[in-house]
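The analysis underlying the following values was restricted to heavy atoms, covering all of them including side chains, and did not include hydrogens, waters or symmetry mates. Order of the sequence lines sets the chain letters (A, B, ...), proteins ahead of strands, with each chain counted from 1.
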There are 2 protein chains.
Amino acid sequence: MTTADPAGSSRDLPHPVREEIRLESVLHALSDPMRLRIVRELAAVGDELSCSHFDLPVTKSTTTHHFRVLRESGVIRQVYRGTAKMNALRGADLDALFPGFLDSVLAAIERQGERLGEPRRPAG
Amino acid sequence: MTTADPAGSSRDLPHPVREEIRLESVLHALSDPMRLRIVRELAAVGDELSCSHFDLPVTKSTTTHHFRVLRESGVIRQVYRGTAKMNALRGADLDALFPGFLDSVLAAIERQGERLGEPRRPAG
DNA sequence: GTCAAACTACGAGAGATGTCGAACAATCCT
DNA sequence: AGGATTGTTCGACATCTCTCGTAGTTTGAC
């Protein structure tokens, strides 16, 4: 499609609405190290980040896969912005459904990171 | 083995010590509906429960599998008591490692249960 | 229109996972 | 010892998951 589109970005991505988000899916989405790392970084920055911002030790197609799992489970929201795809935590939705859950997971990641000598990333 | 054993129960089960428990593994263990159900019930009762107490819609071998995943990830502690195998949440360990995490998950399960019309189990 | 950048889609492969059924093992009770 | 209860082990199978590489699409810039 090359036709103009009314509202800004042409490509729309399927997201579960708040009520459709399932705890099991969220837990599963968070149970992968790569995805946990993504979520951790999104929370630390507290803002949208493009996919390319993340320097994961996997290929781009694998990265795409992980972001999709996070989106389809309802953990993040993705929107296209030019050629970039921006990602943001769905903090409000998750907190409305599962109060305190996301925060405790984020705290747990940090804690565990500190506990196991944080293999710090090469400064970018 | 039929020889007497000094400390009570003969068969010993491998458990991760507190420091070995990984968040990813716990999240994965909790991401299955059957296992979430088990954990929910253990928390509700607040005490040890035998495997046979649970009336899961799967075979015994599958049940064994789920309990093992929960034990190996550090979510529950299992001990033999006669022919029965007793299961208890490792609440203290989890709370020491990931403060508030378990409680928020338990609350989330309950909440989601209520939210989606609780297909209540046939009274046992 | 062309080119580079950022992602996606598709196909494939290795490995994990959830499930079952049948046979086995440990413990308790009589 | 014999039988009942509880849970395990093993092999099998279908499915899912994570990963990659290559080829393709969409967008922005020149």
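- Not one side-chain nitrogen or oxygen of T64(A) sits closer than 4.0 Å to the OP1 or OP2 atom of dA9(C).
- Counting only distance, with no hydrogens or angles, the side chain of N87(B) and the backbone of Q78(B) share no donor-acceptor pair below 3.5 Å.
- Ring geometry for F101(A) against F101(B) counts as tilted: the plane angle lies between 30° and 60°, on a 0 to 90° scale.
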Under 3.5 Å, N/O pairs linking protein and nucleotides 19-22 of chain D:
| unit_1 | atom_1 | unit_2 | atom_2 | d |
| --- | --- | --- | --- | --- |
| dT19(D) | OP2 | H66(A) | NE2 | 2.4 |
| dC20(D) | OP2 | T59(A) | N | 2.8 |
| dC20(D) | OP2 | T59(A) | OG1 | 3.1 |
| dC20(D) | OP2 | T62(A) | OG1 | 2.8 |
| dG21(D) | N7 | S61(A) | OG | 3.3 |
| dG21(D) | O6 | S61(A) | OG | 3.0 |

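- We find that CG of L49(A) is positioned 11 Å from P of dC7(C), with the value rounded to whole Å.
- Atom CG of L30(B) and atom P of dT17(C) are 14 Å apart (whole Å).
- Here F98(A) pairs with nothing under the ring pair (Phe, Tyr, Trp, His ring centres under 6.0 Å) rule; sequence neighbours left out.
- In this structure, the OH atom of Y80(B) is 9 Å from the P atom of dT27(C), given to the nearest Å.
- Legend: salt bridge (charged side-chain N to carboxylate O under 4.0 Å, His left out) pairs involving residues 67-80 of chain B, not counting sequence neighbours, sorted by first then second residue: R77(B)-D93(B).
- For the pair L13(A) CG and dA6(C) P, the interatomic distance rounds to 18 Å; values are reported in whole Å.
- L27(A) has its side chain out of reach of L30(A): every pair of non-hydrogen atoms, C-beta onward, lies at least 4.5 Å apart.
- A donor-acceptor contact shorter than 3.5 Å links the side chain of E20(A) to the backbone of V17(A).
- dT6(D) atom P lies 16 Å from atom CD of Q78(B), rounded to whole Å.
- Separating the CZ atom of F54(B) from the P atom of dT5(D) is a distance of 21 Å, rounded to the nearest angstrom.
- In this structure, R68(A) places its CZ atom 14 Å from P of dC16(D), rounding to the nearest Å.
- S73(B) places a side-chain N or O within 3.5 Å of a backbone atom of V69(B) that can act as its donor or acceptor partner.
- Following rounding to the nearest Å, N87(A) (CG) and dA6(C) (P) show an atom-to-atom distance of 14 Å.
- One finds no side-chain N or O of R81(B) lying less than 4.0 angstrom from the OP1 or OP2 phosphate oxygen of dT27(C).
- Dashed line: the shortest gap from a side-chain N or O of T83(B) to OP1 or OP2 of dA4(D) is not under 4.0 Å.
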